Asks: 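Submitted below is the structure of interest, expressed as structure tokens.
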Amino acid sequence: MSAPITVTVAGSERSVGEQTTAGELFEGDPSAGRVVVARVNGELRDLFHVLADGDIVEPVTIDSEEGLSVLRHSAAHVLAQAVQQVNADAKLGIGPPIRDGFYYDFDVETPFQPDDLKALEKAMQRIINEGQTFARRVVTEAEALAELAAEPYKCELVGLKGPDAGDAADGASVEVGGGELTIYDNLRRDGSRAWGDLCRGPHVPSTKMIGNAFKLTRSAAAYWRGSEKNPQLQRIYGTAWQSKEDLRAHLERLAEAERRDHRRLGAELDLFSFPDELGSGLPVFHPKGGVIKREMEDYSRRRHIEEGFEYVGTPHITKDGLFHTSGHLPYYADTMFPPMELEGAKYQLKAMNCPMHNLIYRSRGRSYRELPLRLFELGSVYRYEKSGVVHGLTRVRGLEMDDSHSYVTREQAPAEIKHLLGFVLSLLRDFGLDDFYLELSTRDDGEKKDKFIGSDEQWAEATSILEAVATESGLQLVPDPGGAAFYGPKISVQARDAIGRTWQMSTIQYDFNQPERFGLEYQAADGTRQEPVMIHSAKFGSVERFLGVLVEHYAGAFPVWLSPVQVLAVPVADEYADYLQGVLDRLKRRGVRVELDDSDDRFPKKIRNASKSKVPYVLIAGEDDRAADAVSFRFRDGSQRNGVPIEEAIAEIVAAIDAHVQV
RNA sequence: GCUGGCGUGGCGCAAUUGGUAGCGCACCUGUCUUGUAAACAGGCGGUUAGGGGUUCGAGUCCCCUCGCCAGCUCCA
């Protein structure tokens with residue numbers, strides 16, 4: 001008879017026998033079947049973990065964020081076992097859980113083909129059905145190296161164990177990094193060992209818990225430990241959920257994202273295209289896309305001027321000396337279009353606007369009375385993005401930035417940054433994005449520190465000012481170490497769209513480097529020459545990218561003010577076309593973008609076309625409407641309002657445009 | 001840039017083992033047209049991304065270039 005020990009389970013004390021495992025505590029609970037691991041004294045442990053006197057134990061269920069991560073991590077192990085079952089020569093990389101799923105990296109002779117995934121799924125299902133248990137085993141470094149002699153990547157990880165392992169490679173911390181080295185053995189029902197992997201754990205008690213709510217989604221190459229200097233491994237991605245229904249829901253979300261894809265909608269709605277003749281990443285805007293782009297530009301110009309900015313203009317091309325002065329060229333030469341040699345000079349396409357704005361600042365002497373001096377333009381820049389990263393409108397090679405630079409005294413900087421943050425948030429809200437968080441991108445003090453120019457003191461000051469303003473905003477602030485530009489730290493605004501995806505939108509950067517490099521100065525009240533600080537800010541970021549995000553956010557059904565066509569009139573029969581044209585003429589005089597469907601199509605077909613075009617207001621008129629000096633509204637959801645008097649209809653439409661509302 | 005998968009009329013797709021390109025929508029023409037997601041008929045349109053090769057014969061196989069997709073790396 002073992003001496004009893006006392007543990008605290010979900011808040012209440014219990015006496016249990018020695019050698020009791022975490023899992024045994026929850027046996028009999030209604031949720032027992034959903035408990036995947038336990039939190040013991042704050043650490044996640046397997047259910048097979050043997051408890052000690054005084055332990056504080058909480059169940060972690062499969063429907064929690066942590067529970068799902070454990071499930072996905074275990075699914076990754078099953079995948080690896082399946083891969084080595086099929087191909088014994090496959091060497092293991094790492095296999096962590098990620099958002100919505102997991103991946104595992106392998107070094108294999110021939111990359112995985114789409115058909116391989118199906119076969120691997122089947123092999124995984126067999127392993128899952130076997131009901132293998134995950135057994136934890138502590139090993140010494142020497143034992144691990146001996147046992148894993150055939151796994152070179154795992155051996156490399158063994159050498160990295162400890163608190164730094166997490167930094168060594170994204171995801172490596174799930175393999176090692178607990179301070180203690182462990183191997184997880186997959187045991188069959190009869191106790192024999194089916195497979196094993198160096199792993200920190202914890203894991204679900206049985207592969208059965210994975211059930212059939214998993215799917216392998218794709219394969220692709222990935223650099224070992226995240227560095228392009230390392231060899232590429234073959235990565236398989238999968239997704240795993242607590243139930244088949246959740247899996248289905250996840251796949252449905254992916255399908256919804258695909259339906260909203262701006263590249264697809266851009267073609268369907270005739271907004272823009274990417275002619276091969278122009279080259280990769282160079283979009284053209286069709287008339288309808290041009291309307292949206294122009295609305296965005298007009299809005300941006302008007303709001304900037306309201307916020308104290310002055311509109312300027314600069315060329316698309318410059319002699320390369322400018323970018324040497326700014327310091328960009330040494331950093332970005334390989335992502336700028338190569339220079340053109342003319343008259344003994346090298347000309348470069350503009351890849352950023354700030355150096356040219358500095359020249360405007362420097363064009364004459366400046367007084368402290370002029371500061372803050374705020375310059376703004378819709379500047380076209382060209383960047384030679386690597387072929388593999390060009391993507392629709394979100395990553396292009398030619399783009400327009402609503403780029404501004406505020407020149408301020410050091411003392412004015414905090415207030416200016418606050419002003420800019422308020423401005424960008426109000427702008428995003430006007431475009432219907434209202435769920436944000438902020439990211440503070442700072443210098444990396446590690447091995448990449450050389451990339452950043454400026455003194456420690458300058459970085460510290462700039463970072464603390466940005467951080468203070470960001471914190472004051474009350475928005476969630478997420479650190480992004482190493483994400484700063486070479487010349488200074490930045491705040492970026494991340495916005496969540498209608499289906500929960502986040503996009504980096506506006507940025508605000510504090511720059512103490514360029515003023516020095518350009519020799520910018522102003523005369524202070526005491527007559528001395530002082531150096532200003534410049535604050536870079538992009539609201540849309542790239543107009544193209546922002547437009548792409550809006551297409552996806554609204555799934556092509558824009559709020560009225562952004563809709564390329566705001567009112568589409570559909571006569572019930574030809575005879576009412578003139579009547580509707582009269583209504584449209586009045587709307588047009590109020591600045592409304594209107595169209596009349598006077599095609600030869602019959603009425604139902606016109607309704608169908610109107611629906612597919614996602615125009616916010618479809619105005620219909622037949623005999624009833626004409627007799628009453630009215631029109632009928634048909635909305636995008638198919639709902640209808642008949643017999644609206646013309647005056648009222650016009651007032652309502654104009655009001656919806658002015659208010660930037662969705663209908 | 002790297003790895004893999006792709007590239008057939010404007011769009012979405014089809015074409016046995018390599019056997020000589022077809023369908024729907026859109027477009028054009030004609031007839032039709034009275035209340036909410038497709039009237040009917042006829043027609044135009046492709047040297048299958050481009051180039052080279054293998055073969056009696058290539059959309060199908062091989063090589064190169066360009067472009068697209070997914071991921072990695074990168075993103076001033």
Side-chain angles (χ1 to χ4, degrees), chain A residues 103 105 108 110-116 170 217-237 258 261 263-264 267-268 270 273-281 323 326-329 331-332 334-336 350-355 381 383-392 394-396 399 401 403 441 451 483-488 490 492 504 507 509 511 514 536 538 541-542 545 570-577 599-613 618 620-626 632-635 638-640 642:
Chain A
Y103 67 79
D105 289 342
V108 286
T110 42
F112 299 102
Q113 310 282 309
D115 285 348
D116 296 336
D170 208 23
T217 47
R218 53 180 172 260
S219 64
Y223 296 106
W224 168 240
R225 290 176 62 195
S227 168
E228 62 183 329
K229 294 188 190 83
N230 291 334
Q232 285 195 330
L233 305 183
Q234 294 300 316
R235 175 173 296 180
I236 296 179
Y237 284 92
E258 205 177 313
D261 191 314
R263 295 164 297 185
R264 167 205 287 255
E268 277 176 14
D270 197 13
S273 59
F274 301 88
D276 284 353
E277 291 83 343
L278 296 187
S280 186
F323 296 128
S326 69
H328 286 96
L329 208 41
Y331 287 88
Y332 298 110
D334 55 344
T335 49
M336 287 176 73
K350 178 168 66 169
M352 65 293 298
N353 298 301
C354 37
V381 298
R383 296 176 178 178
Y384 178 61
E385 301 285 3
K386 287 188 287 184
S387 61
V389 307
V390 171
H391 181 96
T394 57
R395 199 77 182 270
V396 291
L399 59 118
M401 293 181 75
D403 206 358
S441 299
K451 176 188 148 187
F486 71 87
Y487 51 74
K490 72 176 176 194
S492 60
Q504 181 182 312
T507 58
Q509 300 178 314
D511 183 355
Q514 285 199 52
H536 307 237
S542 137
R545 190 180 125 86
V570 180
V572 165
D574 245 5
E575 190 188 335
Y576 308 102
S599 69
D600 288 341
D601 290 326
R602 293 152 103 102
F603 186 66
K605 181 63 177 291
K606 290 186 181 188
I607 292 295
R608 176 180 156 87
N609 287 341
S611 251
K612 285 179 30 170
S613 72
V618 176
I620 297 166
E623 188 51 43
D624 296 348
D625 300 286
R626 185 169 64 178
S632 293
F633 280 16
R634 188 183 200 277
F635 298 97
S639 68
Q640 182 99 6
N642 295 331

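Chain A is the first sequence line, chain B the second, and so forth, proteins listed ahead of strands; every chain is numbered from 1. From a predicted model like this one, the values you see are computed outputs, not experimental measurements.
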Asks: Base, sugar-phosphate, or nothing: which does Ala351(A) touch, judged by heavy atoms less than 4.0 Å apart?
Replies: base
Asks: Any donor-acceptor pair under 3.5 Å joining the side chain of Tyr223(A) to the base of G71(B)?
Replies: no
Asks: Applying a 4.0 Å non-hydrogen cut-off, can you work out what Arg263(A) is touching in the nucleic acid: base, sugar-phosphate, or nothing?
Replies: sugar-phosphate
Asks: Could you please name the partner base of C27(B), counting Watson-Crick and G-U wobble pairs only when both distances are under 3.5 Å?
Replies: G43(B)
Asks: If you go through the side-chain atoms of Arg235(A), does one of them form a donor-acceptor pair with the base of C72(B) closer than 3.5 Å?
Replies: no
Asks: Could you check whether the side chain of Asp625(A) and the base of G35(B) have a donor-acceptor pair of N or O atoms closer than 3.5 Å, going by distance alone?
Replies: yes
Asks: Cation over ring, Arg626(A) on Tyr576(A), under 6.0 Å and within 45°?
Replies: no
Asks: Check this for me: does the side-chain of Ser326(A) come within 3.5 Å of the base of A76(B) through a donor and an acceptor?
Replies: no
Asks: Using a 4.0 Å heavy-atom cut-off across all strands, classify Tyr331(A) as base, sugar-phosphate, or nothing.
Replies: nothing
Asks: Could you give the distance separating C13(B) and C69(B) at their P atoms, to the nearest angstrom?
Replies: 14 Å
Asks: Of all the choices, G71(B), A76(B), U36(B), which nucleotide is nearest to the side chain of Ala221(A) once you look at every atom?
Replies: G71(B)
Asks: Of all heavy-atom pairs between Ser326(A) and Pro355(A), which one has the smallest distance, and what is that distance?
Replies: CB-CG, 3.7 Å
Asks: Need to verify one output field. Residue with the more 5' nearest nucleotide on RNA chain B, Gly483(A) or Lys386(A)?
Replies: Lys386(A)
Asks: What's the shortest heavy-atom distance between Pro111(A) and Asp116(A), and which atoms?
Replies: O-OD2, 4.1 Å
Asks: Using the side-chain heavy atoms of Ile620(A), tell me which of these nucleotides is nearest: G71(B), G35(B), A76(B).
Replies: G35(B)
Asks: Ignoring hydrogens and angles, answer whether the base of C2(B) and the side-chain atoms of Gln232(A) contain a donor-acceptor pair closer than 3.5 Å.
Replies: yes
Asks: Have a look at Lys606(A) and say if it touches a base, only the backbone sugar-phosphate, or nothing, with a 4.0 Å heavy-atom cut-off.
Replies: nothing
Asks: Please state whether the base of G71(B) and the side chain of Ser219(A) form at least one donor-acceptor pair under 3.5 Å?
Replies: no
Asks: Can you tell me which nucleotide in G35(B), C68(B), G1(B) comes closest to the side chain of Asp624(A)?
Replies: G35(B)
Asks: Pick the closest RNA chain B nucleotide for Ser227(A) and for Ile607(A) by heavy atoms, then say which residue is nearer the 5' end.
Replies: Ile607(A)
Asks: Base, sugar-phosphate, or nothing for Glu268(A), non-hydrogen atoms under 4.0 angstrom?
Replies: nothing
Asks: At 4.0 Å (heavy atoms only), tell me whether His536(A) reaches a base, stays on the sugar-phosphate, or touches nothing.
Replies: nothing
Asks: Ignoring the backbone of Arg602(A), work out which of U73(B), U33(B), A70(B) is nearest its side chain.
Replies: U33(B)
Asks: What interatomic distance, in whole Å, is found between C1' of G71(B) and the corresponding atom of A58(B)?
Replies: 33 Å
Asks: Return the nearest nucleotide to the side chain of Asn642(A); candidates are A70(B), G35(B), U33(B).
Replies: G35(B)
Asks: Using a 4.0 Å heavy-atom cut-off, does Gln234(A) contact any base of the nucleic acid, only the sugar-phosphate backbone, or nothing at all?
Replies: sugar-phosphate
Asks: Measure distances between side-chain N and O atoms of Arg264(A) and base N and O atoms of C11(B), and say whether any donor-acceptor pair falls under 3.5 Å.
Replies: no
Asks: Check whether any side-chain heavy atom of Lys451(A) sits under 4.5 Å from a side-chain heavy atom of Tyr331(A), and report yes or no.
Replies: yes
